[in-house]
Amino acid sequence: MSASPQATAFNRMQQLMSSSPVPSISTELLVTADGELNRELKSFLFDPPTNPSLLKGRRIAICCTNGVEEVEILGAHRWLSEHGATVHVVSPRIGEFHPTLGLRFPPQCATHVLAIRLMENAGWLKIDRYTDEARAEDYDAMLLPGGCWNPDALRMDQHARAFVSAMYEAGKPTCAICHGQWVMVSAKILKGKRATAVWNIQIDLENAGATVLDEPCVVDGNLITARFPYDLPRLINAMVKQLVSAKG
């Protein structure tokens, strides 16, 4: 006997969530809240793919490091993969730190990044390629997901900044959501552009020379930005429009 649609949807949701004793961004609450953007996110996460070959042959980089917001990376990765794209998690190499810093990373950080749900540690996601190996010619689009810790560390990696700049200069969809725009700030690609971000860092975009709009998704050429996890469907839709247009 096959599972009911409700049971299937619940099972998919459970794959993105687990119980937590600390404040977290709840995928369950996000997708059940009575808001237009929340309903869009629910459909984005749980509806079956409408065209599994839509992005066939397209290669997309999700560039991140430890502290990446779980719903943003897993939601994007699943949707893009289910519509035919090859999706790589691209991350810096975690090396040794000077002992005076008191930093110690588990061995798993050499091959995986740790996802979070706001303040709660989530699961480990396998790295497919390192930022010092990533080349703009190897990808058709890139996404910088949020989570405060992730982009704050990622922006310090020279290879990540160079990769973002190269993708943008190549005219390929260069996308960021939530705090991911911090990497764009450090890559110095926002001056004179229209963009958005999570509310508390919009001032950083303004200081980088961008015209900030408080909208779910802002498209300025191949620069695509969004504010918060429930804006993810509109961000991915804008990316896909450019990918399909370029493919045609």
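- Identified under the salt bridge (charged side-chain N to carboxylate O under 4.0 Å, His left out) test for residues 198-218, with sequence neighbours left out: Asp214-Arg227.
- Applying the ring-ring contact (aromatic ring centres under 6.0 Å, His included) test to residues at least two apart or on different chains, the pairs with a partner in residues 22-70 are Phe44-Trp79.
- Annotation: ring-ring contact (aromatic ring centres under 6.0 Å, His included) contacts of Tyr130 (sequence neighbours excluded): none.
- Residue pairs meeting the side chain to side chain donor-acceptor pair (under 3.5 Å) criterion with at least one partner in residues 158-173, sequence neighbours excluded, are Tyr168-Lys193.
- Among pairs with a residue in residues 210-242, those fulfilling ring-ring contact (aromatic ring centres under 6.0 Å, His included) read Trp199-Phe228, Phe228-Tyr230, at least two apart in sequence or across chains.
- In terms of the side chain to side chain contact (heavy atoms under 4.5 Å, CB included) criterion, residue partners of Cys148 (sequence neighbours excluded) are, by chain and number, His179, Trp182.
- Using a 4.5 Å cut-off on side-chain heavy atoms (C-beta onward), Pro216 and Leu37 make contact.
- Two residues are said to be in side-chain contact when any heavy atoms from C-beta on lie closer than 4.5 Å; Leu144 and Leu154 meet this criterion.
- Arg39 places a side-chain heavy atom less than 4.5 Å from the side chain of Asp34.
- The main-chain N or O of Gly146 is found under 3.5 Å from a side-chain atom of Glu72 such that the two form a donor-acceptor pair.
- For Pro106, the side chain to side chain contact (heavy atoms under 4.5 Å, CB included) partners are Cys109, Trp124, not counting sequence neighbours.
- A salt bridge links Arg129 with Asp138: the closest approach of a Lys/Arg side-chain nitrogen to an acidic carboxylate oxygen falls below 4.0 angstrom.
- Listed by chain and number, the residues in a side chain to side chain contact (heavy atoms under 4.5 Å, CB included) with Ser4 are Gln6, Ala7 (sequence neighbours excluded).
- Among residue pairs with one or both ends in residues 86-107, those qualifying as side chain to side chain donor-acceptor pair (under 3.5 Å) are His88-Tyr139, Arg93-Asp132, Arg93-Glu133, His98-Thr100; sequence neighbours excluded.
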Stepwise side chain to side chain contact (heavy atoms under 4.5 Å, CB included) test for Asn66 and Asn150
CA-CA 5 Å; Asn66 296 311; Asn150 155 50; over 6 Å; no

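- Through side-chain heavy atoms spaced under 4.5 Å, either directly or across other Ile, Leu, Val, Met, Phe, Trp or Tyr residues, Val218 is tied to Leu213.
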Report the C-alpha separation of Arg58 and Asp140 in whole Å, then their side-chain angles, then the decisive distance to 0.1 Å, and conclude whether the salt bridge (Lys or Arg N to Asp or Glu O under 4.0 Å) test is met.
CA-CA 6 Å; Arg58 293 303 188 186; Asp140 300 293; 3.1 Å; yes

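- The shortest distance between side-chain heavy atoms of Val219 and Cys217 falls below 4.5 Å.
- Taking the side-chain hydrogen bond (donor to acceptor under 3.5 Å, both in side chains) definition, one finds that Glu36 meets it with Arg234, sequence neighbours left out.
- Side-chain contact between Ile73 and Val89 is present, with heavy atoms from C-beta onward closer than 4.5 Å.
- Partners of Ile116 by side chain to side chain contact (heavy atoms under 4.5 Å, CB included), not counting sequence neighbours, listed by chain and number: Glu69, Asn121, Trp149.
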